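Computed from a predicted model, the values in this text were never measured in an experiment.
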2 protein chains.
Amino acid sequence: MKPIHVGLCGVGTVGGGTATVLKRNCEEIARRAGRPIVIRAAANRDLERARALVGADVELYDDALQIARHPQIDIVVELIGGTTIAKEVVLTAIEQGKHVVTANKKLIAEYGNEIFARAQEKGVMVAFEAAVAGGVPIIKALREGLTANKIEWVAGIINGTSNFILTEMRDKGAAFADVLAEAQRLGYAEADPTFDIEGHDAAHKLTIMSAIAFGIPVQFDKAYLEGISTLQAADIKYAQELGYRIKLLGVTRRRAEGIELRVAPTLIPAKRLIANVDGVMNAVLVKGDAVGATLYYGPGAGAEPTASSVIADLVDITRLATADPEHRVPHLAFQPSALADLPILPISEVETCYYLRLNVLDQTGVLADVTRILADQDISVDAMLQRPSDGSGDDGRDDVVIITHLAVEKRVDAALARIEALPAINGKVVKLRLEHLNG
Amino acid sequence: MKPIHVGLCGVGTVGGGTATVLKRNCEEIARRAGRPIVIRAAANRDLERARALVGADVELYDDALQIARHPQIDIVVELIGGTTIAKEVVLTAIEQGKHVVTANKKLIAEYGNEIFARAQEKGVMVAFEAAVAGGVPIIKALREGLTANKIEWVAGIINGTSNFILTEMRDKGAAFADVLAEAQRLGYAEADPTFDIEGHDAAHKLTIMSAIAFGIPVQFDKAYLEGISTLQAADIKYAQELGYRIKLLGVTRRRAEGIELRVAPTLIPAKRLIANVDGVMNAVLVKGDAVGATLYYGPGAGAEPTASSVIADLVDITRLATADPEHRVPHLAFQPSALADLPILPISEVETCYYLRLNVLDQTGVLADVTRILADQDISVDAMLQRPSDGSGDDGRDDVVIITHLAVEKRVDAALARIEALPAINGKVVKLRLEHLNG
């Protein structure tokens, strides 16, 4: 049968992986897709490098737009990254009536609405399984596997770098800075790790999952994000004593008033399966009203895991390429005309449980003051832990850790302002969110 | 838009759940599917019960074949169970040009080849996501999410009853019979639990996953199965001491010579995520050559979890119902003309690691004899544990537990025959398989 011709824009790690896997498993893939899927052309700034990765029989260009306009290309794979050239390439390919596969989470989270609208007009597909959780087919699960459900929430460990750092901090009791340096040495963290450790990368992925889960447009600019760089070893230790682990967790939850969309270091019960997802691995837990909780776990990055998702999209598109657009799965799971306009809630309106660590002068009455202030704001206490803050207690200061029941963030912040003003309270209160993730 | 009309054959637990969820989430589901999905007719022997579950506006029949032949029904949902009436209903619906959704693992594992061939001829779809792992969209993951990969193996905890029993045996150190009685009291085990605890149910599910993973016909009759009813508390305890847990594991693996297809109580490293899947939950771990290991976890049974998968299939079919058959995902993931003829290997040819427990008279030289016999069969020892078999050692007998490296089953059996003939060996050797499940 006539092969599907793919144009590869960007031949780096993932592009190289895609070329390798498409070649190695060409027979297996054709047996599934019904026809061969072949890279016909590729674009890369470094042509020599590209040649080494894609082989001798592929046309090479140094300008990705030539791929987007190439008359013999059926599907354009965008692996350039960023949102300037990548966006131009994707929109050009769509204009030319070509289907697009991209691994670019930033592009989809920030410009997805525009891109999908153009694709809809032109009757082409834009697929992005590789944009979230690497090789884990979580977009497919959310968009097609769980279509019976009203999704209640999605919670994910979706940044491998941060999860590696948190795992090491917990296992070795080490400080953030030391573990970051180790992660950089191992190649798990970039020289400038900001994008990963401050939650941007996770928030891009979460934004995409949120849109698909709830049938809303992508709205990255409304996501709340908090990273792990200020997380202290003491909190990881106390969390563990209380039966929790701290993960950089993306949480998006549907409430009557709107959608919560937030990435932050979060306590989760140690007994949950997802709490045991360690190192660079990713996992996404989805709560649907019919199915309950299902979990999807696997490698969140890497050349071949990401290529696995890119190629799954190529096979999907190959199967549907000549079908009428009505037969396709909508980009954001819901029909474009049926998206909801539920607002994204500001972080102050988020409702969750909280971990609070107070450094207190060991004097009578202070805990009574603290609990009274919490009660004034309708915040009830689930668990409490008191420990000498320097390990000996000689300085007369204690760490008091409080786990709250469900509370609204702005009420917690109001209580903390009053608590921090108490004379017996030393410095700022550490506030972390806590999710029980009940199935 | 014109609704899709569904005919429900069998209104029991899952049928009732399907009706409930379709009604509760009708708006959400229509927003995804592009048109409403409505139960128009249902069949059940007990009409009164059916009426209570499906509501007043559904046509009721006491004969499922009337649904299969109903001119206004687009998709027939078969939830009758068994392989007599169910098979007739499915084949009749196909003959009538209707699509079929079924949760019937036995029907697909035993008669899938025939059913898919007829569906292919008639250009209709037969979907069966609910047949494996309840609400977990594992068929979709294997068939569509991992299409880039040469699948190397699939390992699953896919029988909730057995997993509940094994979890309780481990947690409470209880005997099989006591825990089974408790499971029956809680409704997790049937009055006649054979089908679950002897591995039949898991083998049906594994057979289906094996076919989709490797592109081979379903061949349930060649599956090897071993249940948990003879499993002893001592082995669960020793496994734990050595860092393993025992699960009723379905394993299907591609080897050069053929496919392994087996369900048996199996040791897996306690540190693996899948080893921590407890109670009635299901999980499937899939190893692909590109993606590595990915895991899919969730409820393996129950009214609404199973309904979740039934309805996901209904949405998939609704999206594709009027498309040409060429655009559909093949029933067994691979194009029907591209199935492989790799044989299913007999259990004697299986290659894995083994857990062996010998009851030995505590006398000099016996371990030397045992290890020599193992070495004669090319079986090398990975770990060994020796414990007084009655806890005190007063009877002069020890339990010796041996973990082997990779070995071929027939060689292990040959070695065990010789070991059991040694005068110092008391009774039969306990042999369990062990899988490292390396990602």
Exercise. Should we count NZ of A:K23 as having more than 12 external heavy atoms under 6.0 Å?
Worked result: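 Check passes, neighbour count above 12.
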
Problem set entry | Greater than 12 external heavy atoms within 6.0 Å of B:D341's CG |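 No - once you tally the heavy atoms of other residues, nucleotides and ligands closer than 6.0 Å, there are 12 at most.
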
Validation row: [X], [Y] side chains within 4.5 angstrom (heavy atoms):
{"X": "A:V315", "Y": "B:E144", "answer": "no"}
{"X": "B:R319", "Y": "A:R328", "answer": "no"}
{"X": "A:L273", "Y": "B:V277", "answer": "yes"}

Only pairs of heavy atoms separated by less than 4.5 Å count here; which of [options] has the most with chain A?
{"options": "B:G298, B:P137, B:A290", "result": "B:A290"}
{"options": "B:A333, B:G288, B:A283, B:A30", "result": "B:A333"}
{"options": "B:T20, B:I311, B:L295, B:D313", "result": "B:L295"}
{"options": "B:G215, B:P305, B:P330, B:A293", "result": "B:P305"}

Problem set entry | Proximal component of A:L339, with respect to chain B [non-hydrogen, under 4.5 Å] |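 Interface part for A:L339: backbone (N, CA, C, O).
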
For this session: For the pair A:R32 (side chain) and B:F334 (backbone), establish whether a donor and an acceptor sit closer than 3.5 Å, ignoring hydrogens and angles.
Result: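 Such a contact is absent between A:R32 side chain and B:F334 backbone.
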
Exercise. When you measure from the side chain of A:R31 to the backbone N and O of B:A338, does any donor-acceptor pair fall under 3.5 Å?
Worked result: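 The answer is yes, because a donor-acceptor pair under 3.5 Å joins these two groups.
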
Toward chain A, the part of [X] with a non-hydrogen atom under 4.5 Å:
{"X": "B:E27", "value": "neither"}
{"X": "B:V329", "value": "both"}
{"X": "B:A33", "value": "backbone"}
{"X": "B:D316", "value": "side chain"}
{"X": "B:L285", "value": "neither"}

For this session: Inspect the contact between B:E28 and A:R254 and indicate whether a charged nitrogen and a carboxylate oxygen are less than 4.0 angstrom apart.
Result: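 A salt bridge is present here (some side-chain N lies under 4.0 Å from a carboxylate O).
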
For this session: Grab the two heavy atoms, one from A:S308 and one from B:L146, that are nearest each other, plus how far apart they are.
Result: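 So the minimum-distance heavy-atom pair works out to OG-CD2, 4.5 Å.
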
Problem set entry | Over all atoms of both residues, closest heavy-atom pair of B:A312 and A:A148 |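 Nearest pair, atom of B:A312 first, then A:A148: N-CB, 4.4 Å.
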
Problem set entry | Pairs of heavy atoms under 4.5 Å with chain B: top-ranked of A:G17, A:G135, A:G302, A:G145 |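 Most pairs with chain B among the choices: A:G145.
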
Using 0.5 Å steps for rounding, measure from the [atom1] atom of [X] to the [atom2] atom of [Y].
{"X": "A:I29", "Y": "B:N149", "atom1": "CD1", "atom2": "CG", "value": "8.0 Å"}
{"X": "B:T294", "Y": "A:N282", "atom1": "OG1", "atom2": "CG", "value": "12.0 Å"}
{"X": "B:D324", "Y": "A:D324", "atom1": "CG", "atom2": "CG", "value": "8.0 Å"}
{"X": "B:Y296", "Y": "A:Y296", "atom1": "OH", "atom2": "OH", "value": "9.5 Å"}

Problem set entry | Verdict with supporting geometry, B:L314 and A:T147, side-chain contact (heavy atoms from CB on, under 4.5 Å) | CA-CA 9 Å; B:L314 290 173; A:T147 44; over 6 Å; no

Exercise. Any luck finding a side-chain donor-acceptor pair between B:N25 and A:D289 under 3.5 Å?
Worked result: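 Yes, side-chain donor-acceptor contact under 3.5 Å.
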
